[in-house]
Amino acid sequence: MRVLISLILWVAAAAAQPYDLVIRNGHVIDGTGSPWYAADIGIRSGRIAAIGRLEGAPARRTLDARGMVVAPGFIDMLGQSEMSILVDPHLPSKIYQGITTEITGEGGSIAPLNGAIIDADRVTWEHYGLHPDWTDFRGYFARLRKQGMGINLASYVGATQVRRMVLGDDDRAPTPAELDRMKALVREAMQQGAIGVSTSLQYAPAPYAKTEELIALASEAAKFGGTYASHIRDEGNSIDAALDEAFRIGREAHIPVEIWHLKTSGKKNWGRMPEVIARIEAARRSGVDVAADTYAYTAAYNSFSAIVPPWAHDGGDRKLIERLKDPATRARIRKEMESPEGDWNNEWQQVTGPEGFIIGAVQNPKLMPIQGKTIAEIARLWKKDPIDTVFDILIQDEAFTGVGLFVMSEPDVALALQQPWVSICNDSQGTSPEGILGKEHPHPRAYGTFPHILRKYVREEHKLTLEDAIRKFSALPAERMRFADRGVLKQGMWADVVVFDPATIRDLATFENPNQLSEGMRFVLVNGVPVVEEGKMTNALPGRVLTH
């Protein structure tokens, strides 16, 4: 009886406390896919304390959401901000989209680190003015917590990263002892909070890894309840084999599989998305826990150095540059790029021509004038053959360059987006129109992915309902990542909340002018704290590291 009385008194005392913040008069779309309903939301100590009619409840602050949608904060299933969050922890390109949580670590994760990797990646560290002072996830997460961040962040440990820790950038298989060391690094990363193991199998040295190596690493993550996420080995001509590999890893490692940025890449493969969807659904019926995500644009964006065959990367970027400077090796690389045959993901063959490549970020100041230009335009400007233009850009930029490439068809993109097991990824680092980051020329998805979907596919084309889009932005990714206390508006959950007008929210970023913040987010709350208020950034840093 005393326990019951104490509980009643505790509940009564809690109810009498004022809310830190109440969002009033909104149309609540809770993230589950259910229709909207009218309610107020009371927030206390960073969590949702009540949902209902709260007009008489005491509150330190109130936000008026009349005529607005109130929804869970958006979860970016692949965000790439592990470095840029150290440059600008506010990440305005993310929060103005409504992103409150990001997952990162695509194959090459921010940890573990050693001196050899830091030296090999010197160009990137210098470009962002960063000096890594960590060697593992514990140290990296401590740095994030010390500086603060505008969003929540979680990370995979990359299979590429642990391979580089043990084998460097060499094209060879690990010995049994070396594989044991790699497995130990995965275990250590999972113990320190990584959410799973990831691969990015297009980018050297990742293609050098055999499937058995990946199963061994994924099996270690599975012991801790982690996920296997993959930029699969081929998204074009050999996508069937690449999907089969992902399914096999999930089946044999007993681990959930997330296929990043699902696509059918290259003009030869346009129209194949129904086939890809059928293969994934067949794998699901067979018991493989596999799902995917998309950014819903027809152009991809990646490292320009991936345009040359994987063997040319053996030993790392410095060896690649040496090969591009050697006339005989350069001629061999050209011959393989120009051939429609071959067992590698040949991007030169996937676009309609050199006008299908747009130069994004560069680190060499002398190359700044070519940002935003196509290879066709640069070739004319430099009076060079297009492939020689590609090689010379890579040499001058020390293989740093990023590139946009138009490799997808709109019907395939839309069909992938509509699948119930497909969530959303930004697949771009958080950025800003200001400072070092603002000098780059990113894919417009960096600033626009989530509002782009709300504008184009919900409001204009009616290919998704608003409730289904919000589910793809919130509850679905939270379920995939096992975030039990985020992704849905429900009492007791962390108060990651967005408030916006569905009739006006829009993306502004274009391929010609990408550094433009999206419009329409009235309020964005991270752990109950506004990071966007009345459409303006507050400079608060309430984000948390989300660990396994």
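Every value quoted in this text rests on a predicted model; they were computed, and no experiment measured them. Reckoned from all heavy atoms, side chains included, excluding hydrogens, waters and symmetry mates.
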**Asked** When you check the side-chain N and O atoms of Asn345 and Gln350, is any donor under 3.5 Å from an acceptor?
**Response** yes
**Message:** Checking side-chain polar atoms at under 3.5 Å, does Asp30 have a donor or acceptor matched by the opposite partner on Thr32?
**Reply:** yes
**Backbone N/O of Pro530 and side chain of Thr538: donor-acceptor pair under 3.5 Å** = yes
**Item:** Validation row: Leu546, Met481 side chains within 4.5 angstrom (heavy atoms)
**Value:** no
**Item:** Test item: Met149 and Leu91 side chains (from C-beta on) under 4.5 Å apart, heavy atoms
**Value:** no
**Request:** Answer yes or no: is there a donor N or O on one side and an acceptor on the other, between the side chain of Lys94 and the main chain of Gly79, under 3.5 Å?
**Result:** yes
**Fill in**
Smallest heavy-atom separation, Gly150 atom then Leu541 atom, equals N-CD2, 3.5 Å
**Asked** What about Phe511 and His441, are their ring centers closer than 6.0 Å?
**Response** no
**Asked** Tell me, do Thr510 and Pro444 make a side-chain contact under 4.5 Å, heavy atoms counted?
**Response** no
**Asked** Can you tell me how far CG of Asp244 sits from OG of Ser238, rounded to the nearest 0.5 angstrom?
**Response** 11.0 Å
**Request:** Examine distances only and state if a side-chain atom of Ser109 and a backbone atom of Val157 form a donor-acceptor pair shorter than 3.5 Å.
**Result:** no
**Message:** Does either side chain, that of Gln202 or that of Glu347, offer a donor lying less than 3.5 Å from an acceptor on the other one?
**Reply:** yes
**Complete:** Rounded to the nearest 0.5 Å, the CG atom of Leu54 sits from the CD1 atom of Ile23 at a distance of 10.5 Å
**Prompt:** Do Leu417 and Ile453 have side-chain heavy atoms sitting under 4.5 Å apart?
**Reply:** yes
**Item:** Thr160 OG1 to Leu217 CG distance, which is reported to the nearest 0.5 Å
**Value:** 10.0 Å
**Item:** Ile51 side, atom CD1; Lys490 side, atom NZ - distance, nearest 0.5 Å
**Value:** 9.5 Å
**Asked** In this structure, which one of Tyr37, Phe500, Trp36 forms a ring pair (Phe, Tyr, Trp, His ring centres under 6.0 Å) with His27?
**Response** Trp36
**Item:** For Leu464 against Ala469, the heavy-atom pair lying closest together
**Value:** CD1-CB, 4.2 Å
**Request:** To the nearest 0.5 angstrom, please state how far the CD1 atom of Ile99 sits from the CG atom of Asp76.
**Result:** 4.5 Å
**Heavy-atom pair with the smallest gap, counting every atom of Gln97 and Gly448** = OE1-C, 3.6 Å
**Asked** Which atom names give the shortest non-hydrogen contact between Ala218 and Ile249, and what distance separates them?
**Response** CB-CG2, 3.9 Å
**Item:** Expected output: side-chain Ser518 to main-chain Tyr447 donor-acceptor under 3.5 Å
**Value:** yes
**Asked** When you look at Ser81 and Gln429, which way does the side-chain hydrogen bond (donor to acceptor under 3.5 Å, both in side chains) test go after all the steps?
**Response** CA-CA 4 Å; Ser81 298; Gln429 67 178 20; over 6 Å; no
**Prompt:** Do the charged groups of Glu252 and Arg248 touch, with an N to O distance under 4.0 Å?
**Reply:** yes
**Prompt:** Between Arg284 and Val290, is there a donor-acceptor pair closer than 3.5 Å when you use the side chain of the first and the backbone of the second?
**Reply:** yes
**Message:** I'd like to know if the side chain of Asp293 and the backbone of Trp260 have a donor-acceptor N/O pair within less than 3.5 Å.
**Reply:** no
**Prompt:** Is there a donor in the side chain of Thr211 and an acceptor in the side chain of Glu245, or the other way round, less than 3.5 Å apart?
**Reply:** yes
**Message:** If we count only N and O atoms by modelled type, under 3.5 Å, do the side chains of Thr374 and Glu355 hold a donor and an acceptor together?
**Reply:** no
**Donor-acceptor side-chain pairing of Asp485 and Trp494 below 3.5 angstrom** = yes
**Asked** Is there a donor-acceptor contact under 3.5 Å linking the side chains of Arg272 and Asn237?
**Response** no
**Prompt:** With the threshold set at 4.0 Å, does a side-chain nitrogen-carboxylate oxygen contact exist between Lys263 and Asp412?
**Reply:** no
**Item:** Asn269 and Thr264: side chain donor to acceptor below 3.5 Å
**Value:** no
**Request:** Enter the distance from Ile232:CD1 to Thr199:OG1 here, rounded to the nearest 0.5 Å.
**Result:** 9.5 Å
**Item:** Nearest heavy atoms of Glu461 and Glu410, plus distance in Å
**Value:** OE1-OE2, 4.5 Å
**Item:** Between Gln80 and Glu106, a side-chain donor and acceptor under 3.5 Å
**Value:** yes
**Salt bridge Asp496-Arg486, side-chain N to carboxylate O under 4.0 Å** = yes
**Item:** Side chain Lys267, main chain Val351, donor-acceptor under 3.5 Å
**Value:** yes
**Message:** Is the positively charged end of Arg445 above the ring of Tyr297, judged by distance under 6.0 angstrom from the centroid and angle within 45° of the axis?
**Reply:** no
**Prompt:** Charged N to carboxylate O below 4.0 Å: is that the case for Asp507 and Arg455?
**Reply:** yes
